[in-house]
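See below for the structure under consideration.
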Amino acid sequence: MKKGRKLMKDKRIIGNVFIGYLRTALTCLCLLLPAILIVLPVLLILTGSVMDSLEMKAYLLPAFGGGEGFIQWKLMPDYPTFEHFGRLLFMTPSFFVLFWNSVKLVCCILIGQLIVGVPAAWAFAAYSVRGSRALFALYVVLMLLPFQVTMLSSYLVLDRLSLMNTHGAIILPAVFSTFPIFLSYGGFRALPPQLMEAARIDGAGELLIFVKIGLPLGKSGLLSAIVLGFLEYWNLMEQPLAFLEDKALWPLSLYLPEISWMQAGFALCASFITLIPAAFVFVLGQDYLEQGIIYSGLKE
Amino acid sequence: MKAIHLKKNAKNYTIIGGFRKRRAFLLFLLPSLAGVTLFVLLPFLDVVKRSFQTAVTGEFTGIKNYGVIFHNQAFLLAVKNTARFTVVCIPLLVLVGLLVAFPLSTMKEAGLIKSVYLFPLAMPTATIVLVWKMVFYRQGFLNLFFTKLGEITGLWGTVTIDYLGTKASFWVLVGSYLWKNTGYTVVLWLAGILSIPNELIEAARVDGAGRWKCIRYIILPNLKGSFYTIVILSFLNSFKIYREAYLVAGSYPQEDIYLLQHLFNNWFVNLEFDKMAAAAVCVGVVLFGAIMLLQRLWDRT
């Protein structure tokens, strides 16, 4: 009798465990399904970039060329080829020009932002002076204003400095963006003020404190500013569209949509190559990306 | 954003004189402040001035420009669409993010799934434009999918909705906004959920609260701070949807997705600076008010 009850209890436990597993599996599935939907475009880009032009044209004709029926696709192309990569890398010098434009813009902006923004973030984090709170509030508001609201004012300055239609028109306003300040501030704020005070008592100057204590200990905010900044400026669109007339100065992000569907394979291949640096930064810096997102929404 | 709070306890450590601190503060801030003043603040004042002037001659016209834009069909349409987009998208995004974050917070395998949701954030808009077209054109993948679904269930025949040329375009935009930003929101919600002390939940459990009561009375109230953060950041990111809208549908898209961003861009191209200045001031003031209001609410929690 007693033994029987124990057996039943055992069974119930096993049943519970089983249901627990089932539940985990189900939630996993529920979360993975949309996740698959999310990565499908990547798959499409990948397969499209190695698909033969004729095969691709046959698949896309219904959607883009007014043919009958529906668009089609094959995840394993019938005629896989690297012709697009070859054409893009060896026979399209303009692609390289734009690629380097993008690299140049992103690097200049990020370096400038660090030089200007990190000390500013330190100023806000390490010193509470009268008026600093109001200034910081102003910076936050500036961070949240969309580009379109400040477009005209930026244009007025750039025109007066005769920077229009140069890379400076993109770089200079971006360098003074207040978003990276906000992110680096998140990293610096985590430092205890006692640390700085102790250094001061030991006779360290303010600059020394910033370089020796602030930078090494608060670098996570700085790094997340770099990661988020890279992803943002690699995707730069509104600014070059408004301020750069000369297409030879455009970044890569504006070049891709110019390719017609007749060269879809070529376009997807270019998309793939554009995606590589962003994916690279994403994989390397994912922790900082997450940290940065959390910093950007920090609340006591 | 309450980041405005700057080291409450710093006061207790004023061994070093205020003068030195003020000087250091100013020196560290100087490059940034100078740049911001030169590139943003002064020119914005200029824009405010121009909003009271004619575009070409610079004559003073009072509030005429404001009158013009408020009777301008394009402006009213753009304001309506942008407001509608914001009102639809933000609650949706907040909710979807929460629904994904809840199960993730109890899972060991959360890292990989989180990465997958975050990845669209890293994808440059330009790279997915062609894919978007393939999906949403009349004979694209989405209609193919629906048609196949209809064949299997036998409920409907061939589907040929033109997603980009009809009212459906609005929902395409909503969809791509969700696609891009869900990961962002999930990370913020997760950070919020994980920062709730475990003891709190365990104590409630011991007191006999079930799963739902825990969520309702412990977890949700503790997520208020995250909620405001997420709303503000979603708002900030909702303006970036212009990239998708512009690249997929151009400067003059279907009228349901003609946003303020399109209008500003078109005014800029046509050199209609008087209207642009007035509209920039209006939008700036409204946004400023909204931000201040949210911040007030935030500080209260």
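Quantities reported herein were computed from a predicted structural model and do not represent experimental measurements. Side-chain atoms are counted along with the backbone in the values below, which use heavy atoms only and exclude waters and symmetry mates. In the text below, chain A, chain B and the rest are named by the order of the sequence lines, each starting its count at 1.
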* Asked: Could you walk me through whether Glu206(A) and Arg23(B) pass the salt bridge (Lys or Arg N to Asp or Glu O under 4.0 Å) check?
  -> CA-CA 10 Å; Glu206(A) 300 298 324; Arg23(B) 195 188 56 185; over 6 Å; no

* Contact leader toward chain B among Gly48(A), Ala242(A), Gly117(A), Ala270(A), where contacts are heavy-atom pairs under 4.5 Å ->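 Highest number of heavy-atom pairs under 4.5 Å: Ala242(A).
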
* Residue among Val157(A), Leu152(A), Leu145(A), Val175(A) with most heavy-atom pairs under 4.5 Å to chain B ->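 Among the listed options, the one with the most contacts to chain B is Leu152(A).
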
Part of [X] lying under 4.5 Å from any heavy atom of chain A:
X: Leu144(B); result: both
X: Val159(B); result: backbone
X: Trp267(B); result: neither
X: Thr147(B); result: side chain
X: Phe235(B); result: neither
X: Leu118(B); result: both
X: Leu33(B); result: both

Contact class of [X] relative to chain B, heavy atoms under 4.5 angstrom:
X: Glu290(A); value: both
X: Ala264(A); value: both
X: Ser177(A); value: neither
X: Leu37(A); value: backbone
X: Tyr233(A); value: neither
X: Ile115(A); value: neither
X: Val39(A); value: side chain
X: Leu275(A); value: both

* Taking all non-hydrogen atoms of both residues into account, name the closest pair between Ile128(B) and Pro41(A) and its distance. =>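 Closest pair (atom of Ile128(B), atom of Pro41(A), distance): CG2-CB, 4.4 Å.
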
* Asked: Nearest heavy-atom pair of Ala278(A) and Pro124(B): which atoms, and what distance?
  ->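 Smallest heavy-atom distance, with atoms named: CB-CD, 4.1 Å.
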
* Begin from the C-alpha positions of Ile181(A) and Ser32(B) and carry the test side-chain contact (heavy atoms from CB on, under 4.5 Å) through to its verdict. => CA-CA 9 Å; Ile181(A) 297 179; Ser32(B) 163; 3.5 Å; yes

How long is the gap from [atom1] on [X] to [atom2] on [Y], to the nearest 0.5 Å?
X: Met151(A); Y: Met276(B); atom1: CE; atom2: CE; answer: 3.5 Å
X: Asn235(A); Y: Thr127(B); atom1: CG; atom2: OG1; answer: 8.0 Å
X: Asp46(B); Y: Arg160(A); atom1: CG; atom2: CZ; answer: 5.5 Å
X: Gln148(A); Y: Phe268(B); atom1: CD; atom2: CZ; answer: 11.5 Å
X: Phe39(B); Y: Leu156(A); atom1: CZ; atom2: CG; answer: 12.5 Å
X: Leu60(A); Y: Met134(B); atom1: CG; atom2: CE; answer: 5.0 Å

* Relative to the ring of Phe124(A), is the ring of Phe25(B) parallel (under 30°), tilted (30 to 60°) or perpendicular (over 60°)? ->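 Plane angle over 60°, so perpendicular.
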
* Asked: So Leu38(B) and Phe176(A), side-chain contact (heavy atoms from CB on, under 4.5 Å) or not? Walk me through it.
  -> CA-CA 10 Å; Leu38(B) 180 67; Phe176(A) 297 111; over 6 Å; no

* With chain A, which of Val129(B), Leu30(B), Thr160(B), Val36(B) has the greatest number of heavy-atom pairs at distances under 4.5 Å? ->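 Looking at each of Val129(B), Leu30(B), Thr160(B), Val36(B) in turn, Val36(B) comes out on top.
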
* Asked: With respect to chain A, which residue among Leu130(B), Leu190(B), Thr158(B) yields the maximal number of heavy-atom pairs within a distance under 4.5 Å?
  ->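 It is Leu130(B).
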
* Asked: Quick check, are the ring centers of Tyr155(A) and Phe273(B) under 6.0 angstrom apart?
  ->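 Distance test on ring centres: under 6.0 Å, yes.
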
* Go through the steps to decide whether Phe147(A) and Tyr242(B) satisfy the test side-chain contact (heavy atoms from CB on, under 4.5 Å), and finish with yes or no. => CA-CA 11 Å; Phe147(A) 168 72; Tyr242(B) 172 68; over 6 Å; no

* Go through the steps for Val141(A) and Met292(B) under the test side-chain contact (heavy atoms from CB on, under 4.5 Å), then give the verdict. => CA-CA 9 Å; Val141(A) 171; Met292(B) 284 297 140; 3.8 Å; yes

